[in-house]
Amino acid sequence: MTTVSQNMFDTGAELATALARKIADRLSAAIAARGQASLAVSGGSTPKALFAALSKLDIDWAKVTVTLVDERMVGPENERSNHRLAKLFLLKDRAAAAKFLPLFNSAGTAEDVAAQAAKEIDALALPFDVVVLGMGTDGHTASFFPGGSTLADVTDPACGQSVMAIEAPGAGEPRLTLTLPRIVDAGLIVLHIEGDDKRSVLARALENGPAAELPVRAVLRQAKTPVELYWAP
Ligand SMILES: O=C(O)[C@H](O)[C@@H](O)[C@H](O)[C@H](O)COP(=O)(O)O
């Protein structure tokens, strides 16, 4: 049975403050326990306020590795880049001291880039302490897009590669995405969505039906810990 732990807020600002604190506490606990912590964040427009709130919190950021849940196949200067988004909104203020691991690199094709990124992700002390997911109104999360070229592989609980390339109608450029195992074995899995449309899509995703139709279902059904839903209007 899929379970989500619901954290509902009246405004995006209130959500950002509360979620930033939750993430910071989790990262600090990991640092206290193991001397380091890891955080994977999604891109898009929703997380900007969260990133700004998190960047100001006083934790030992020098011991935190930040990476991306997914990335477009573009360089960090491109306005479509999630690396650029993280640099602009998260990796500043106190969080500027964090180590950042991009998914995009100059290895060649999307598949080559994904293979290189996978090597670098696998060199981290896994599992991730915190993974922050968004969701599209088509039910995609990470770059698990409906109709995606490698959707079955990237949502396979036994997927052997930590990062894969995927192309899909509606995804724009080819994408690089963490695969399901890297997401569902995280210590804290957050699904941060805002607006009534996405709330309705999530309600549908929590019902029976194929994961391929609403790929966020793959996370909801395989998560090793209850997914923490953070929602505001
Ligand atoms: O690269 C991306 O676009 C994100 O990682 C993606 O998975 C995002 O979380 C959803 O598309 C929601 O995006 P919005 O927050 O812009 O609605």
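Quick caveat, the model's predicted, so the values are computed rather than measured. FYI, the numbering just counts along the sequence from 1. For the numbers below, each heavy atom of this structure counts, side chains included, while hydrogens, waters and symmetry mates do not. One-based numbering, in listed order, for ligands and for the atoms of each.
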Distance-only criterion, 3.5 Å: show the donor-acceptor pairs between side-chain atoms of residues 164-174 and protein atoms not counting sequence neighbours.
| residue | atom | partner | partner atom | Å |
| --- | --- | --- | --- | --- |
| E173 | OE1 | R80 | NE | 3.4 |
| E173 | OE1 | R80 | NH2 | 2.8 |
| E173 | OE2 | R80 | NE | 2.8 |

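Closest to atom 12 (C) of ligand 1, if we only count protein heavy atoms, is M135 O, 3.5 Å. At the shortest separation from atom 15 (O) of ligand 1 among protein heavy atoms lies T46 OG1, 2.6 Å. Summary of contacts: the protein heavy atom closest to atom 5 (O) of ligand 1 is D70 OD1, 2.4 Å. The protein atom (non-hydrogen) at minimum distance from atom 11 (O) of ligand 1 is H140 NE2, 2.8 Å.
At least one N/O-N/O distance between G43 and ligand 1 falls below 3.5 Å. In terms of N/O distances under 3.5 Å, ligand 1 is not approached by S143. The shortest N or O to N or O distance between G136 and ligand 1 is not under 3.5 Å. Considering backbone and side-chain N/O atoms, T141 never comes within less than 3.5 Å of an N/O atom of ligand 1.
Heavy-atom contacts of K198 reach the following atoms of ligand 1: 12 (C), 14 (P), 15 (O), 17 (O) (cutoff under 4.0 Å). Near G134, with a cut-off below 4.0 Å to any heavy atom, the atoms of ligand 1 are 9 (O). Below 4.0 Å from some heavy atom of R72 lie the following atoms of ligand 1, by number and element: 1 (O), 2 (C), 3 (O). Numbered from 1 in the order shown, with element, the atoms of ligand 1 that lie under 4.0 Å from a heavy atom of N82 read 1 (O), 2 (C). Interface of R175 with ligand 1, defined as ligand atoms under 4.0 Å from a residue heavy atom, comprises 1 (O), 2 (C), 3 (O).
From D70, atom CG reaches atom OG1 of T179 across 12.0 Å, with rounding to the nearest 0.5 Å.
Screening I183, V190, I193 for a side chain to side chain contact (heavy atoms under 4.5 Å, CB included) with L133, the sole residue that qualifies is I183. Results of the side chain to side chain contact (heavy atoms under 4.5 Å, CB included) test with H192 over N7, T46, V41 single out T46 as the only residue that passes.
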